[in-house]
Number of protein chains: 2
Amino acid sequence: MTLHGKQLIGHAAVAGTGDRFTAVNPATGESLAPQYAGANSQQIEQACQLAEDAFDSYRETSLEDRARFLEAIAEAIEAVGEPLVERAMAETGLPQARIEGERGRTCGQLRLFAQVVRAGEWLDVRVDPALPDRTPMPRVDLRQRHIALGPVAVFGASNFPLAFSVAGGDTASALAAGCPVIVKAHPAHPGTSELVGQAVQSAVATCGLPEGVFSVLFGAGNDLGQALVKDPRIQAVGFTGSRRGGLALTELAQSRPQPIPVYAEMSSINPVFLLPAALKARGDSLAEAFVASLNMGAGQFCTNPGLVLAIKGPELDRFVEAAGAAVADSGAQTMLTPGIHDAYTDGVGKLAEQAAVDEVARGRTGDQANGCQPGLFRTDAADFLENEALQAEVFGASSLVVACDDRDTLETVARHLEGQLTATLQMDDGDTDAARALVRILERKAGRVLVNGWPTGVEVCHAMVHGGPFPATSDSRTTSVGTAAIYRFLRPVCYQNLPEALLPEALRDDNPLGVSRLVDGQRER
Amino acid sequence: MTLHGKQLIGHAAVAGTGDRFTAVNPATGESLAPQYAGANSQQIEQACQLAEDAFDSYRETSLEDRARFLEAIAEAIEAVGEPLVERAMAETGLPQARIEGERGRTCGQLRLFAQVVRAGEWLDVRVDPALPDRTPMPRVDLRQRHIALGPVAVFGASNFPLAFSVAGGDTASALAAGCPVIVKAHPAHPGTSELVGQAVQSAVATCGLPEGVFSVLFGAGNDLGQALVKDPRIQAVGFTGSRRGGLALTELAQSRPQPIPVYAEMSSINPVFLLPAALKARGDSLAEAFVASLNMGAGQFCTNPGLVLAIKGPELDRFVEAAGAAVADSGAQTMLTPGIHDAYTDGVGKLAEQAAVDEVARGRTGDQANGCQPGLFRTDAADFLENEALQAEVFGASSLVVACDDRDTLETVARHLEGQLTATLQMDDGDTDAARALVRILERKAGRVLVNGWPTGVEVCHAMVHGGPFPATSDSRTTSVGTAAIYRFLRPVCYQNLPEALLPEALRDDNPLGVSRLVDGQRER
């Protein structure tokens with residue numbers, strides 16, 4: 001597969017006519033061929049119409065056919081081989097092991113959703129049989145299944161060029177639900193996007209699916225994304241990125257004649273609570289593990305531990321000292337884009353400027369372009385509670401330690417937090433009471449509560465919640481990682497008194513799909 | 001129980017100081033004592049704070065305790081006895097049988113949600129056990145359950161003084177989910193609201209729950225509702241009413257610093273397709289049944305059949321003639337409020353004014369105040385497709401027959417429809433092919449697809465969907481009737497590596513609640 005710099009619309013590859021841009025290697029500043037020209041309005045229109053045309057056929061593919069399609073995508077991505085790894089490394093500055101790991105995660109995610117499709121739990125089949133003899137009124141036969149919402153617009157994320165971009169979690173879950181997908185490629189990694197897009201195109205062809213099931217469009221500015229969100233054929237949006245970006249898309253989607261859901265995963269500082277017994281028993285190892293989590297991927301994870309809370313005292317001082325030493329010893333890692341590096345520098349600068357914030361340590365500056373110089377800062381709970389600016393996410397390796405007077409203050413700070421993707425407790429046996437009280441507070445604040453782990457590292461599984469109250473996401477009832485992500489793209493339909501000939505296969509009496517069902521409210525065994 | 005005209009805030013009854021209003025008997029125009037004074041801002045504040053204070057305790061009540069609470073509410077409502085029926089009749093103009101039936105539905109709904117709470121399906125428990133030996137990376141223990149969103153504001157609906165008001169479907173499902181509820185009583189039936197509110201208050205006391213679990217506030221204008229939706233402690237909103245009202249609340253909720261979901265059930269004209277074989281075989285009985293559905297409750301149902309579609313010809317002419325005769329023979333029924341009657345008169349007038357619309361028949365005028373004079377109108381598909389105004393809901397007994405040239409036109413009109421709560425097919429064996437094509441179109445348009453029934457009459461069961469794409473509701477992924485309504489007030493939380501002592505009961509290894517679980521993605525049997 002070679003790069004052509006073209007829009008991938010259904011089976012075709014066509015040159016855009018919009019603003020031209022190229023990828024930039026953030027480590028060297030060099031431009032990477034080919035040049036991409038943004039999708040024009042006719043191309044956007046065409047991709048949307050193809051998606052709409054494909055929808056009715058695609059949403060009723062058999063579970064097996066749809067599962068095989070997801071597996072075919074995984075195979076096609078793997079078949080791209082080393083060129084994909086090389087291009088992704090060049091476009092993101094991320095190291096080879098990370099990109100290879102992310103490719104594995106991406107393909108594993110597609111295969112997991114294939115299993116989910118086959119199992120059919122997502123259909124949420126409910127059958128309430130007719131009760132013709134019920135008094136005072138008989139009950140008619142009522143059955144429910146979930147169906148796909150319609151074509152979905154997916155915005156590729158800058159920080160996961162594979163796992164949350166063209167064939168990432170949003171795409172995999174939308175395709176699994178039966179929704180055609182139009183991806184807006186992230187302009188920071190267009191070549192990676194084109195390679196993965198070609199792989200998906202080939203899977204669509206191999207599987208004999210209607211071509212409109214999948215398209216990738218390119219564009220450097222906001223116009224393409226806005227046009228997609230406003231298109232009446234688009235029925236839902238998946239987005240991972242900044243709070244500002246997510247809010248703008250949500251507002252746009254709400255202002256449509258027919259509003260649609262936007263699943264925006266936005267902003268989180270992922271508080272970590274170091275409880276007293278744990279801090280006392282293993283402060284040094286906590287400091288080491290904390291800084292490893294902080295520095296992972298130059299801190300460019302939604303789950304980066306940007307806030308550390310503990311009770312004042314010599315144990316905390318020692319932790320801060322050890323963590324500070326580790327940060328000071330940290331080499332600069334290349335950030336994803338010059339824009340992200342600038343925003344990081346700006347955010348760290350604003351944090352350091354705050355009167356009540358002390359700089360504990362900064363990492364080494366390094367020679368390369370766009371290097372992330374990690375930062376560790378410290379403040380007091382009273383100052384943190386007074387100043388909302390201290391809760392602002394700094395995307396990159398930056399963290400703020402908040403020193404609290406006592407357990408009550410820890411809880412007060414916890415209650416004061418905005419919504420988060422994660423909240424973590426480091427605890428030992430002596431911390432159980434304190435931890436119990438905090439879990440009750442934190443489960444209201446975060447989508448995932450962890451004990452004795454670090455928030456970076458998000459397992460793709462059935463129980464995962466990568467979501468949480470605003471501003472972590474725009475819809476706390478959902479997750480963007482894990483198999484429950486499929487529910488974002490489904491809605492329930494009730495079928496009343498349909499003759500067998502008209503009933504969807506999932507709802508037939510003999511349960512030909514063998515799916516788990518709720519019959520009269522009881523789980524069938 | 002007697003009426004005091006007071007706000008019910010927690011355990012207390014306190015006089016409001018806002019605008020004063022009384023209920024009006026719509027059949028006679030007489031004012032009904034007592035006078036109600038609107039809740040003031042301090043009282044709104046107090047109800048919200050009590051709800052917030054109650055939340056952490058209430059959301060962790062045992063399944064059994066919460067189920068018993070719902071049952072205690074049903075018992076307390078039944079214990080009010082005849083005064084409730086009499087007051088509801090006086091405030092709504094609805095007949096005794098309807099009110100008694102609705103009381104039965106309301107109490108049955110509460111008891112059904114008690115069963116749902118006990119069964120625990122709503123917890124959606126998922127367990128992905130640790131895989132310490134997995135390569136290349138071990139998996140840590142991950143478990144998911146759903147928890148309540150927080151205090152919910154419920155807007156009483158004018159057209160269901162019991163089943164969708166103070167202790168109606170929104171309240172029952174929110175309480176079942178573990179959310180405290182603050183009801184904004186509908187100003188058209190304050191006395192009914194107060195009586196039911198007192199019953200819920202007594203159940204809160206009997207069950208020993210924190211008083212903030214439930215409050216009812218009164219107000220004549222929009223201020224109270226707006227204040228509730230804007231209050232930072234309120235985390236979701238349930239509303240049944242007009243499109244304008246629902247959109248205003250949705251916009252307000254989105255403009256909060258922390259946006260929250262609004263579940264607004266708004267506008268639907270509930271298309272009924274009369275397919276050729278059915279129309280030929282049983283046009284007269286269809287006409288009779290259609291007019292019975294149209295006139296039920298003076299047409300004041302969200303699922304009233306406001307649109308009839310069929311292919312032109314002598315069979316349709318005969319149906320229209322028979323339906324017209326039945327409409328002309330229909331007596332006027334008292335509408336719920338003077339305002340609803342005015343809007344109905346206005347809406348029917350606007351429909352009749354349309355150049356392309358013919359009046360088929362109007363019912364009798366009757367002598368009483370606020371009588372609904374049913375209307376049946378007819379137009380051609382070409383005109384319907386050109387004029388969006390013909391899709392506007394007229395709340396009350398009014399329906400428009402759209403004559404189509406052929407099957408293709410039926411499908412074109414179906415595709416052209418806005419989102420609906422329901423879509424109905426009247427069909428016989430010879431209509432199966434036409435019906436199959438329409439079901440595929442209509443399941444994308446409606447929350448419920450019916451065959452050979454009428455959309456009025458919404459069963460409260462597990463498979464029901466009383467929802468649908470915009471503008472039928474503000475969130476097509478949900479239902480406001482049936483047990484799945486509980487999911488509107490829940491969000492998932494993932495617990496990673498929690499020691500047994502901290503795990504919520506629902507997630508413990510030995511499954512002490514005995515709930516259905518997804519273990520490693522497999523439904524446990």
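Protein chains get the first letters and strands the later ones, always in sequence-line order, with residue 1 at the start of each. Remember, predicted model here, so these are calculated numbers, not experimental data.
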Which atoms of [X] are under 4.5 Å from chain B, going by heavy atoms: the side chain, the backbone, both sets, or neither?
X	answer
A:Q254	side chain
A:L149	side chain
A:E524	backbone

Where on [X] is there a heavy atom nearer than 4.5 Å to chain A: the side chain, the backbone, both, or neither?
X	value
B:T250	side chain
B:V140	neither
B:I147	side chain
B:P136	neither
B:T479	neither
B:M137	neither

Requested in this report: For the pair A:E459 and A:R105, find out whether any cationic side-chain nitrogen is under 4.0 Å from an anionic carboxylate oxygen.
Outcome: no
Query raised in the report: Between A:Q144 and B:A463, is there a donor-acceptor pair closer than 3.5 Å when you use the side chain of the first and the backbone of the second?
Result: yes
Query raised in the report: In residues 121-129 of chain B, which residues are in contact with chain A at a heavy-atom separation under 4.5 Å?
Result: B:E121, B:R126, B:D128
Check: residues 466-473 of chain B side-chain donor-acceptor pairs under 3.5 Å, at least two apart:
residue	atom	partner	partner atom	Å
B:H466	NE2	B:E265	OE2	2.9
B:T473	OG1	B:G468	O	2.8
B:T473	OG1	B:D475	N	3.1
B:T473	OG1	B:D475	O	3.3

**Report entry** Residues B:N270 and B:T303: side-chain donor-acceptor under 3.5 angstrom
**Finding:** no
Query raised in the report: Are B:Y495 and B:R145 close enough that a side-chain donor and a side-chain acceptor fall under 3.5 Å?
Result: yes
**Report entry** Heavy-atom side-chain proximity of B:L275 to B:L438 below 4.5 angstrom
**Finding:** yes
**Report entry** A:Y263 six-ring face occupied by A:R488 cation (under 6.0 Å, within 45°)
**Finding:** yes
